[in-house]
Amino acid sequence: MKIKATLDRIPGGMMVVPLLLAAVLNTVAPDLLRIGNFTEALFVNGANALIALFLLCTGAQINVKTFGVSLAKGGTLLGTKWIVGAIFGLIAYSFAGDNGLWLGLAPIAVIAAMTNSNGGLFVALVGQYGNKEDRASYSLLALNDGPFLTMVALSIFGAMGFVDGMFSLQSFIAVLLPILVGMVLGNLDEEMRTFLDSGSSMLIPFFAFALGMGIDFGAIVEGGLGGIALGIMTVLITGTAGYFVFKFLRWNPIVGASEGSTAGNAVATPAAIAAANASFASVVDIATVQVAASTVTTAILLPLYIAFLVKRMERKGYQFENGEVKHQSVNG
């Protein structure tokens, strides 16, 4: 039975298929794998540990002389997504009706969904289509976890005062540390670098499945059409912006597009902001379910959009080999 060969024929198959399979399972029979011990630890709760190990293996492949490239790419991803999300948040606030909504969307949900990205999904996609510098750029993306950058956006156009203490430096270091440990091991010992190299690709389907076990299709129904629309906007607008920014800088544009998602922890952002400023309390409930729906929608749609972009690039003569993008002229 040619399982791997079948998955390899599907764009992003090593990530997309396990993730969608787990999402269906979690929606239809959520308790099937939640039986404790090793089964639940691996298939349900293992995403963070597996991603951490993936980042360590990735870090081992990075030469210290090229780490600056990873930081530049991470900063570009972070800035592009935040700027686009802030702009659309400003538009939503400017044209919101008397009920505080813009086209049925809570402006705070727009900012929360479009400025906060799913790190696990990014790692899975870039693990398949990016190189070691692209994968290491995730270390800087920890800055868009939680409500901090959403509050910065709100403060800039005067929707609320700036609130201190919403970003944890400790959390940022906790994301960066596995990459640094891998870098140290790989730069001290070439044999360790070679040994850890296989882990980068091997771990992808396993943490993708665990990520899928956190997706419930019911969140799309609860969030309604507004939440689905927000998810589509996040993928097509922030993902496409990242694609063209990376293309302009002559980096792998698929990596730029891989940031077009909404993280699960963004669901808590509206409540966190309302706790800091009571004026947002009236829209917390609708904003929360819309962000939740966007999270699920982007988790499903972004891998499909990436597959579309990859096929489009391949038709133009580009080839993806070992994380590198090469252009081959149709005429040779």
Side-chain angles (χ1 to χ4, degrees), residues 11-16 19 51 54-55 57-59 61-63 66-85 114-145 175-176 179 182-183 197 200-201 203-204 207-208 211 234-263 298-299 301-327:
M14 279 293 180
M15 190 278 296
V16 174
L19 183 142
I51 290 172
F54 173 87
L55 292 175
C57 293
T58 295
Q61 313 311 311
I62 299 172
N63 189 306
T66 65
F67 190 53
V69 177
S70 299
L71 293 179
K73 290 180 178 181
T76 301
L77 285 167
L78 187 71
T80 300
K81 189 163 178 68
W82 180 80
I83 289 171
V84 173
M114 297 186 76
T115 61
N116 193 317
S117 58
N118 187 327
L121 191 58
F122 174 83
V123 169
L125 291 167
V126 175
Q128 184 149 3
Y129 294 112
N131 60 25
K132 53 185 180 293
E133 287 87 11
D134 297 324
R135 295 192 288 270
S137 68
Y138 174 67
S139 61
L140 199 61
L141 300 182
L143 287 169
N144 76 4
D145 284 350
V175 170
L176 184 62
I179 296 176
M183 284 179 61
D197 187 31
S200 296
S201 56
L203 291 167
I204 291 174
F207 70 69
L211 287 171
T234 300
V235 170
L236 297 183
I237 296 174
T238 66
T240 302
Y243 178 92
F244 282 110
V245 168
F246 264 52
K247 185 177 181 180
F248 174 78
L249 295 173
R250 298 186 182 278
W251 292 333
N252 182 350
I254 298 300
V255 175
S258 297
E259 185 70 347
S261 63
T262 300
T298 59
L301 183 59
L302 181 60
L304 300 177
Y305 184 50
I306 293 296
F308 164 77
L309 293 175
V310 169
K311 284 294 185 183
R312 183 172 179 269
M313 291 183 67
E314 288 176 342
R315 286 196 296 269
K316 292 185 175 182
Y318 290 90
Q319 294 181 337
F320 293 84
E321 297 178 359
N322 300 319
E324 301 294 339
V325 183
K326 300 177 181 179
H327 186 270

Shortest non-hydrogen separation from [X] to [Y] and the atoms involved:
X	Y	value
I306	I254	CG2-CG2, 3.8 Å
L125	S258	CB-OG, 3.6 Å
N116	A263	OD1-CB, 3.0 Å
P303	L121	CG-CD1, 4.1 Å

Donor-acceptor check, side chain of [X] to backbone of [Y], threshold 3.5 angstrom: yes or no?
X	Y	result
S70	E133	yes
T298	T262	yes
K81	M114	yes

Set of side-chain contact (heavy atoms from CB on, under 4.5 Å) partners for R312, sequence neighbours left out: Y243, F308, R315, K316

In Å, rounded to the nearest 0.5 Å, how long is the span from CD of E259 to OG1 of T76? 11.0 Å

Heavy-atom side-chain proximity of [X] to [Y] below 4.5 angstrom:
X	Y	result
I237	V84	yes
L78	S117	no
V310	Y318	no
L302	T234	no
T240	F244	yes
L77	F246	yes

Scan for salt bridge (Lys or Arg N to Asp or Glu O under 4.0 Å) pairs involving residues 67-79, sequence neighbours excluded, and state none if there are none. K73-D134

Between Y138 and F122, how do the two ring planes meet: parallel, tilted or perpendicular, split at 30° and 60°?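 Geometry flag for F122 against Y138: parallel rings.
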
